[in-house]
Structure formats: structure tokens, C-alpha cells
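As C-alpha cells, the structure follows; a few thoughts come after it.
For the single chain, residues carry numbers from 1 onward in sequence order. All values below come from the heavy atoms of this structure, side chains included, with hydrogens, waters and symmetry mates left out.
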Amino acid sequence: MNFIETRGNDGQRPVKVSFSEAILNPISSYGGIYSPESIPELGTDFLNKHINSSYKVLAKDILTAFDIDIDGSVIDEALTLYDKFDDSDNPVPVVKVKDDLYVSELYHGPTRAFKDMALQPFGLVLSSLAQKRNENYLILAATSGDTGPAALETFKNRANVKVVCMYPDGGTSDVQRLQMVTEDAENLKVLGVNGDFDDTQNALKRLLGSAEFKQRLKDKNINLSAANSVNFGRIIFQVIYHVHSYLELVRQKAIKMGEKVYLNVPSGNFGNALGGYYAMTMCLPVEKILIASNNNNILTQLINEGRYDLRDMAVTPTTSPAMDILKSSNIERVLFDMFGAERTKELMQQLDTEHHYQLTAAELATLQNVFSADFCNDDEGKQYIKDSFDSGYLMDPHTATCFKAYDTCRDKPLKTIVYSTAEWTKFSPVIANALTGEVDAKDQDALKAIATNARIEIPAMINGLFDKEITQQTIIEKNQIEQEILNFI
Ligand SMILES: *Cc1c(COP(=O)(O)O)cnc(C)c1O
């Protein structure tokens, strides 16, 4: 399958590219991104065929349906990385929590957040492509917490790839910071930056767009790439678990094959939700995809009013920081799929220059055919964490936002799959606060308090972080980033 450009073609670049081109050079004409030329339609036959398949067998068949230019043996090897998850037979457990609500737990990988679902196999695929082409890549990442650890973990010691990961010093949780600064491999560099997440994100964007910086890398025979969430190499692995979760509900006899469900996704850059949208297009009987946000509720505004308006908005820090996003990059692929390249270009360029756009009534109706949305503020989220804990389910603050959408967005009493995107260990101070009222606990104390309260163990890979040697000591100013990267390579 080939990939085409969300904002149309500028006459300079190729009109279509292969999957491997699209993942190595993810930016297309007019600042757009690549989307599949068409989505394979597989129907319920596909679901019936896989009712008893393992995660890996299902995954292989979905990737095959996209007909990507990656060797079958490389895909097989990439999929073995799911063996590193807690239960290699079932990397994504789906558990009943209450009434119609089932939680699909996407956080059982090495860094305890859902970014592993896509980044684990993606890292292997990218590295093997680089080796095959005899090219070297520098992956730059800016992280507010979850992407950094997952990107470092997947590229650690992989050939032909180096990673520089920037995080705002003091802007992540202790666990997230330790996951990064204790990574020890020749090809990894972690930079703590004096500033906030926007500072690191802006530095990243500037470097990715800088011809001079790219030339300096080229002089050293290195290409620049990014492992950010618009990369289709990540998105493709995010289709699989939606299909898997649906089949799990059938296997658990919660639904009959063919019965419609709601998918309920805590959203930021919309990669997870986009995977659900593709799964629905391919084969899944889905009533609606419920989009949960926190107080940075631009997606709620878009889906309820057809308005994407950044003019009076500023990112506000919340207790679900991985969703503190106002420019939600993967929405562009939904616009493209629904309204075509010409209209997408018009809307996205208006967003770039005037910081807002408005869909027509007909467009909004099309969008609302698929999506419903609501947002959950921090106090509501805390209450959901507490109530859920009291009835026996411990969850993180990102997952909690879905419980609000579950309460407010459903018109029908259908089974609902909530996607849980982080383990409780990654946001323990917020959870301890919700459960006991304790404020400003350190991660280590909060972890202990919750473990005691819930009578569970702190997972070894989290506990072990506090005793691990800190190997990445560099803390720098914003204006030193470029030089520090050049020193590293
Ligand atoms: C990245 C992330 C999200 C948001 O996912 P998107 O695919 O960007 O919408 C939600 N929760 C957690 C914990 C995350 O790490």
C-alpha cells in the first residue's frame, strides 16, 4: 500500500510514497503528513477468523492487510517484543470494571505506559530499515513524560539509530525522570532542559525544520528523524489492540460477534483514537468513539461545535499531563479521510495562520457520526479515581477522564471499552492525593501508600529505579540544546 499527503501534493515531492518512506520522512507537502491511500476493508469475516488468535497472529494479519513494504521476518521479530509484556500470551488484558464498562489495559509493557504498544515494535522496524539502507538516523524526542522513556527503551542499543531525548527539568514525575536518566547505552543521550515542555518542544520543532542543522548532520552521514505520534509507523501498531479488545469482549461472552460497542479513549495527539477510527473502518462494529479530554478541551470543542479555536487558549497543566495538548496532530488524518486533501489543506493552513477554523454543519455532522466527546477536570478525575478504587479498580488519572465520557456521552446501553493508558505507578502522587487527600507526596512515598492501601506490590521495574545509577547527568539551558546534540553525535 502507498501513502499520500493530507494537504495534497506540491509538485516537488512524489505523489505517493511507500510505508518505509513515510516513516523515515514523515513530513509531506505544505507541512502535511502521510496517510494510507485507502483503508483495507476486512469485514466481520476477519473478526470471525481471528476469534481464537493470539495477539501476535492477529497483529500479523492486520499489518499484512496494510500491505506494507517491510519484510515478513522483520515484522515477526518486531512482534516478538510483545513477549516482554507482563503476560506474553496476553499483552493487553481486558477487564470488566462495572456494568457495561470494560478496561483495556495498554500499559503492561517495559515502561508502564501505552506508548510501548507502538514504540516497542516501531523501534525495531526503524532500525532494521536503517540497516538495510545502510543509513544512520538521529531520532529527536521532546517529552513531557511518557514518550521519552518509551522511545529510549525501544531504541536502546539498536543499530544505525541514535536518540536524543529532551525533557523539562522538574516538569516530569520522579518515576518518569528516573526511567530516562538511568538509561545506559552508547546510542542514547538524555538532556534535562531548564524550561517547560513547550521550550523543549519548540527547540525540537526548530531543529527538525532547520536546513543548517540537517546539513551539519549530513556532513556526519546522519539523517534526522522523529518518533513523534504523527509517524504512521506508530499509528499502524495502534489499530491492533482495538480489534483485540473487541475480540476479547466476544471471548468473555460480554457481547455477541457483530454487536456494537463504544470505544472510549483518553486523547492528546489523537493517535490512540485514530487507531480506533481505522479499526472501525476496517472491521469493528463501533457505535461511536468517545473522546475524553482534560481541561485542555480543544477536542471536546471540535467534536461538539465543529470549532477548532486556539485564539483564547493556553495549555494548562493538569493531573493528566500526557493529555495537556492543544495542537492535536492526528486530527489532520481524520479531516483528510472525511473531507479530502484540498479541504484539509485549507483548514490546517487557516489554523497555522489564524489559529482557528470552523467546520461546516454538514462536516460537523459527518464528524459526529463517528465521535462524541467530553472533558473531565482534575477534581472530577480525582473523584472517579476514588470511587473506582472503592469498588475495587485502581486506575491512573488519564484513564479516569474516560469515566466521565462514559457517564455523559453514551445514548445507548452498549458495552464500552475504556483504554487505560498508564499504570498507577507512573502518576502515584495524584492517585495518593485522590485516595487519602495527601498533598505533594514524593513518588516513592505515594507508591508505598497506594501499594499498602490496595494490598498490591510495586512492580520491580518501578521500585528498582530508585536504586539505579544515574547515568544521564546533563542539565542544560535552552540555548545549549543544538550544541549539546552536535557534541553527542
Ligand atoms: C500519550 C498518552 C495519551 C494520549 O494519547 P494520544 O494517542 O496522543 O491521544 C494518554 N494517556 C497517556 C498516559 C499517554 O502517555
Side-chain angles (χ1 to χ4, degrees), residues 111 113 115 119 123 137-156 161-214 216-217 220 222 224-231 268-269 296 314-327 329 422 426-427 429 440 442-443 465-466 468-489:
T111 72
K115 300 291 189 284
L119 276 168
Y137 281 85
L138 171 68
I139 308 276
L140 287 187
T143 186
S144 63
D146 279 343
T147 306
L152 294 166
E153 186 63 30
T154 191
F155 289 114
K156 177 162 83 181
V161 180
K162 285 190 164 79
V163 180
V164 173
C165 176
M166 303 174 254
Y167 69 94
D169 188 36
T172 69
S173 76
D174 290 346
V175 165
Q176 290 170 325
R177 182 178 48 82
L178 288 171
Q179 282 181 322
M180 294 187 273
V181 298
T182 58
E183 282 286 17
D184 189 13
E186 294 260 299
N187 69 330
L188 306 180
K189 182 77 191 171
V190 179
L191 299 176
V193 178
N194 259 325
D196 59 19
F197 175 57
D198 279 341
D199 294 326
T200 57
Q201 174 105 321
N202 289 338
L204 174 77
K205 282 189 182 147
R206 195 183 63 73
L207 292 173
L208 288 175
S210 159
E212 194 193 323
F213 181 65
K214 279 187 204 154
R216 286 189 162 180
L217 296 181
K220 302 185 182 200
I222 294 176
L224 187 58
S225 193
N228 54 19
S229 61
V230 294
N231 197 309
N269 263 326
N296 297 290
V315 176
T316 46
T318 70
T319 53
S320 43
M323 294 155 66
D324 291 351
I325 287 171
L326 290 176
K327 276 200 171 171
S329 337
K426 296 208 74 172
F427 299 95
D440 290 336
K442 286 246 166 249
D443 279 42
L465 287 172
F466 296 95
K468 253 174 130 175
E469 186 192 350
I470 307 226
T471 46
Q472 304 274 356
Q473 309 258 19
T474 316
I475 309 282
I476 55 172
E477 299 301 322
K478 283 179 277 190
N479 59 13
Q480 298 173 303
I481 292 173
E482 180 168 350
Q483 192 53 50
E484 200 62 43
I485 295 173
L486 291 170
N487 291 349
F488 169 61
I489 54 162

List the atom of [X], the atom of [Y], and the distance in Å for their closest heavy-atom pair.
X    : Y    : result
G195 : P168 : O-CB, 3.3 Å
A314 : L326 : C-CD1, 3.6 Å
A322 : D146 : CB-OD2, 4.2 Å
F427 : A422 : CE1-CB, 3.6 Å
L119 : A150 : CD1-CB, 3.6 Å
T143 : C165 : CG2-SG, 3.9 Å

Measure the [atom1]-[atom2] distance between [X] and [Y] for me, rounded to the nearest 0.5 Å.
X    : Y    : atom1 : atom2 : answer
D174 : L465 : CG    : CG    : 10.5 Å
K214 : L207 : NZ    : CG    : 10.0 Å
D169 : I475 : CG    : CD1   : 4.0 Å
I476 : L191 : CD1   : CG    : 4.5 Å

Applying side chain to side chain contact (heavy atoms under 4.5 Å, CB included), name anything that partners K327, two or more places apart in sequence or on another chain. L310, D352
With sequence neighbours left out, write down each residue that passes side chain to side chain contact (heavy atoms under 4.5 Å, CB included) with L204, or none if nothing qualifies. L140, A142, M166, L208
Find out whether [X] and [Y] are in side-chain contact, i.e. whether some heavy atom of one side chain is under 4.5 Å from a heavy atom of the other.
X    : Y    : result
L486 : L217 : yes
I485 : F213 : yes
D443 : P429 : yes

Return yes when atom NZ of K189 has more than 12 non-hydrogen atoms of other residues, nucleotides or ligands closer than 6.0 Å, and no otherwise. yes
Are there more than 12 heavy atoms of other residues, nucleotides or ligands under 6.0 Å from atom CG of N487? yes
Donor-acceptor pairs are to be reported for all side-chain atoms of residues 177-185 against protein atoms at under 3.5 Å, with residues two or more places apart or in another chain.
residue, atom, partner, partner atom, Å
Q179, OE1, K426, NZ, 3.0
Q179, NE2, T111, O, 3.2
T182, OG1, L178, O, 2.6
E183, OE1, K156, NZ, 3.4

Identify, with sequence neighbours excluded, every residue that meets side-chain hydrogen bond (donor to acceptor under 3.5 Å, both in side chains) alongside D324. N294, N296, T318
With sequence neighbours excluded, tell me which residues meet side-chain hydrogen bond (donor to acceptor under 3.5 Å, both in side chains) with E477. N194
Of V164, L138, N187, which is the lone residue that meets side chain to side chain contact (heavy atoms under 4.5 Å, CB included) with I489? L138
Residue pairs meeting side-chain hydrogen bond (donor to acceptor under 3.5 Å, both in side chains), one or both in residues 199-210, sequence neighbours left out, come to R206-E482
